[in-house]
Protein chains: 2
Amino acid sequence: MRVLAGAWTAHVIWYLRGGERCFTELQLDIGRVSAKILTNCLRKLEREGIIARSRKSTSPPTVWYCLTPAGQELCGALVNLVDVAQRLKRSQIEIS
Amino acid sequence: MRVLAGAWTAHVIWYLRGGERCFTELQLDIGRVSAKILTNCLRKLEREGIIARSRKSTSPPTVWYCLTPAGQELCGALVNLVDVAQRLKRSQIEIS
DNA sequence: CCGTATCCGTTTGGATACTG
DNA sequence: CAGTATCCAAACGGATACGG
């Protein structure tokens, strides 16, 4: 839970589950997240070995992020959690 | 993730997975959590339909909490997540 | 026993401007 | 493009005192 803490951490992992994304793509995917927060998030996940960062020296330079094997395992559990959560949410809507 | 937000929310679900617990038991289980925070946490989870609250009019009165069916499903996903996380943690320790 | 109320410090995240 | 720096507001969480 400590790894997943923060309002946007799960989103980052979520949008990386399809493969590599660059900084701006992630920012657009998530929507309404400031560069500062996204950077914090990415640095934290990088330190924890969940994502990998690779700088391509093109012009203009882009930086790509992807899940490490560890990140993919974590993502699997996260997907499972989201799945359960959405199912429960649907049930609650039906009741109300 | 919104449901699981907060430093102690996951702990509450975690310690309720074995069955009913009263307020004080939960406080001892988790350790070093103030009554205020625990109450916040319990109220939030109650509103979200994850746990159920039942007041027994004994003397002194005690209040019992348990997971709802929805809470149990969520707990299952959480257990799975914890399982993955611990496996990853062990791997990292072996590498370092 | 099970909370609620209040105060207060810390952390978090957003807005904005700026750099290589 | 991909950040970094600064400032600021809101949320979070701990301590303590008190109430039903």
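No experiment lies behind these values; they were computed from the predicted model shown. Throughout, a chain's letter reflects where its sequence line sits, starting with A, and its residues are numbered from 1.
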For the pair made of [atom1] in [X] and [atom2] in [N], what is the distance, rounded to whole Å?
X     : N      : atom1 : atom2 : answer
B:R53 : C:dC1  : CZ    : C1'   : 12 Å
A:L26 : D:dC1  : CG    : P     : 13 Å
A:R32 : C:dT12 : CZ    : C1'   : 17 Å
B:R2  : D:dC12 : CZ    : C1'   : 17 Å
A:L42 : D:dT4  : CG    : P     : 10 Å
A:N40 : D:dT4  : CG    : C1'   : 10 Å
A:E25 : D:dA2  : CD    : P     : 8 Å
A:Q27 : C:dG14 : CD    : P     : 11 Å

Distance check: side-chain N/O of [X] vs OP1/OP2 of [N], anything under 4.0 Å?
X     : N      : answer
A:Y65 : D:dG3  : yes
B:T24 : C:dC2  : yes
B:W8  : D:dG14 : yes

Nucleotide nearest [X] when distance is taken to its side chain, options [options]:
X     : options               : answer
B:R43 : D:dA2, C:dT4, C:dG14  : C:dT4
B:T39 : D:dG13, D:dT4, C:dT4  : C:dT4
B:I37 : D:dG14, D:dA2, C:dG13 : D:dG14
B:K36 : C:dC7, C:dC2, D:dA5   : C:dC7
A:V63 : D:dC1, D:dG3, C:dC2   : D:dG3
B:F23 : C:dG13, D:dG3, C:dC2  : C:dC2
B:A35 : C:dT4, D:dT4, D:dA2   : C:dT4

Which of these, A:L26, A:T9, A:I30, sits in a side chain to side chain contact (heavy atoms under 4.5 Å, CB included) with A:C41?
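Running side chain to side chain contact (heavy atoms under 4.5 Å, CB included) over A:L26, A:T9, A:I30 with A:C41 returns exactly one hit, A:T9.
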State which residue, out of B:I51, B:V12, B:L45, fulfils the side chain to side chain contact (heavy atoms under 4.5 Å, CB included) condition with B:L67.
B:I51
Among all residues two or more places apart in sequence or in another chain, which pass the side chain to side chain donor-acceptor pair (under 3.5 Å) test with A:R47?
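With neighbours one apart ignored, the set is empty.
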Measure the shortest side-chain to side-chain distance between B:F23 and B:L42 over non-hydrogen atoms and say whether it is less than 4.5 angstrom.
yes
Anything under 30° is parallel, anything over 60° is perpendicular, the rest tilted; go ahead and classify A:Y15 against A:H11.
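Ring orientation, 0 to 90° scale: parallel.
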When you match A:P61 and A:A7 each to their closest nucleotide on DNA chain C, which lands nearer the 5' end?
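Whichever sits nearer the 5' end wins; that is A:A7.
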